[in-house]
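See below for the structure under consideration.
Naming convention: chains lettered A, B, ... in sequence-line order (proteins, then strands); numbering from 1 in each chain. This is a predicted model, so every value here is computed, not measured.
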Amino acid sequence: MKAPVLLSLPVPDLFSFDECLWFLDRGLDDCMHRVQDGYLYKALDTGQGRLLFQLGCREGQLQVTLPAGEASVFNLQYLSGYIREWLHLDAGLQPFYRKLESVKSLAYMTTAFRGLRLPAINSLFEALCWSIIGQQINLTFAYKLKRRLVEHYGTSITAGNVTCFIFPEPAALAGAEEAVLREMQFSRQKINYLVALAAAFEAGVMDRSRLDALPSFADRQQALLQLKGVGVWTANYVLMKSLREPGSIPHGDAGLLQALVAHGIMKDRKDLAAAERLYRKFKGWESYLVFYLWRSLAPRT
DNA sequence: TTCCAGGGGTTAG
DNA sequence: CTAACCCATGGA
């Protein structure tokens with residue numbers, strides 16, 4: 001049986017559902033969403049109940065159906081806002097594409113990746129946990145660790161043959177036992193970071209609204225850097241991926257350096273001046289530049 | 001075998 | 001202040 005379409009969102013210019021879908025389904029086994037038969041599935045807690053939604057794209061409209069959960073007015077409004085933020089529907093990418101076209105070695109991206117948006121990690125807590133998990137290990141292993149964490153401390157919703165997980169609440173992780181996380185192959189360091197981070201959220205020392213209230217990028221970055229386990233890379237990654245700062249660069253990122261060298265922008269990984277020159281050209285669009293450079297590292301399909 | 005992955009903290013000099 | 005070391009696993 002087929003659930004009715006409950007919500008339609010018009011697709012903006014320079015948006016490709018397929019490109020976004022491809023990125024979200026790179027074969028890395030991300031447990032926070034599911035891609036199946038051209039649809040995107042995700043579970044979340046709206047604050048007035050948990051639900052699992054299906055997102056598809058037909059005739060220039062993003063269409064939302066609800067295989068599990070209540071289709072209240074509140075939930076539908078929450079979903080609409082959630083999806084706009086998740087897939088960055090309100091962004092106009094034209095200025096970014098003009099900048100790409102001005103750099104010879106990057107111009108191909110405007111056609112190769114046309115319409116690709118930066119999918120957000122809407123939850124600040126989840127984004128911080130994820131970036132700490134992903135530090136210094138390969139992505140395959142990082143996704144494995146995240147899945148073990150989420151399947152143990154999070155919750156799930158199943159509808160038909162689709163199961164989606166909801167990321168653990170800070171309270172659940174704050175009370176996590178070290179031995180359990182060790183069994184999952186987390187390092188002692190990361191266990192300490194994650195549990196302390198969860199405690200900070202639970203105590204209300206850190207949260208999204210607190211960061212949003214700060215006046216500048218530097219202030220928000222500073223606030224994040226106070227957390228143990230959060231250095232410049234992690235802070236800037238989270239600012240880019242969760243807070244949607246347009247000009248955030250995860251300096252020192254291995255993949256970023258690799259892509260800059262591969263495109264002939266840096267002579268080698270130490271040629272920081274060349275990278276700086278490129279960043280200046282992309283003022284206000286540095287986050288998207290980094291994201292498209294990451295995208296370029298993936299194997300062609 | 002060795003080196004490096006979407007780093008960061010701690011300690012030594 | 002910078003450098004060396006540690007963490008943890010897996011892919012190349």
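Sorted by first and then second residue, the salt bridge (Lys or Arg N to Asp or Glu O under 4.0 Å) pairs involving residues 103-132 of chain A (not counting sequence neighbours) form an empty list. Residue pairs meeting the side-chain hydrogen bond (donor to acceptor under 3.5 Å, both in side chains) criterion with at least one member in residues 166-178 of chain A: none, sequence neighbours excluded. Sorted by first and then second residue, the pairs that involve residues 45-55 of chain A and meet side-chain hydrogen bond (donor to acceptor under 3.5 Å, both in side chains), not counting sequence neighbours, are Tyr41(A)-Gln54(A), Thr46(A)-Asn75(A), Arg50(A)-Thr155(A), Gln54(A)-Thr65(A). Residue pairs meeting the salt bridge (Lys or Arg N to Asp or Glu O under 4.0 Å) criterion with at least one member in residues 149-162 of chain A, sequence neighbours excluded: Arg147(A)-Glu151(A). Applying the side-chain hydrogen bond (donor to acceptor under 3.5 Å, both in side chains) test to every pair with at least one member in residues 282-293 of chain A, sequence neighbours left out, gives these pairs: His88(A)-Tyr288(A), Tyr97(A)-Tyr292(A).
To the nearest whole angstrom, the two C1' atoms, one in dT2(C) and one in dA5(B), are 24 Å apart.
Among the atoms of the strands shown, none is found under 4.0 Å from any heavy atom of Arg148(A). Looking at heavy-atom distances under 4.0 Å, Gln189(A) makes contact with a base.
Contacts with DNA chain C (heavy atom under 4.0 Å) in residues 135-142 of chain A: Gln136(A), Ile137(A), Asn138(A), Phe141(A), listed by number. Remark: nothing in residues 272-290 of chain A comes within less than 4.0 Å of DNA chain B through any heavy atom.
Distance from the side chain of Lys228(A) is smallest to dT10(B) among dT10(B), dG7(B), dA5(B).
When the side-chain hydrogen bond (donor to acceptor under 3.5 Å, both in side chains) test is applied to Ser105(A), no partner is found at least two apart in sequence or on another chain. Taking Asp212(A) as the reference, Arg208(A) meet the side-chain hydrogen bond (donor to acceptor under 3.5 Å, both in side chains) condition, with sequence neighbours excluded.
Atom-to-atom, CZ of Arg269(A) to P of dG7(B) comes out at 10 Å; the value is rounded to the nearest Å.
Relative orientation of the Phe53(A) and Trp86(A) rings is perpendicular, given thresholds of 30° and 60° on the angle between their planes.
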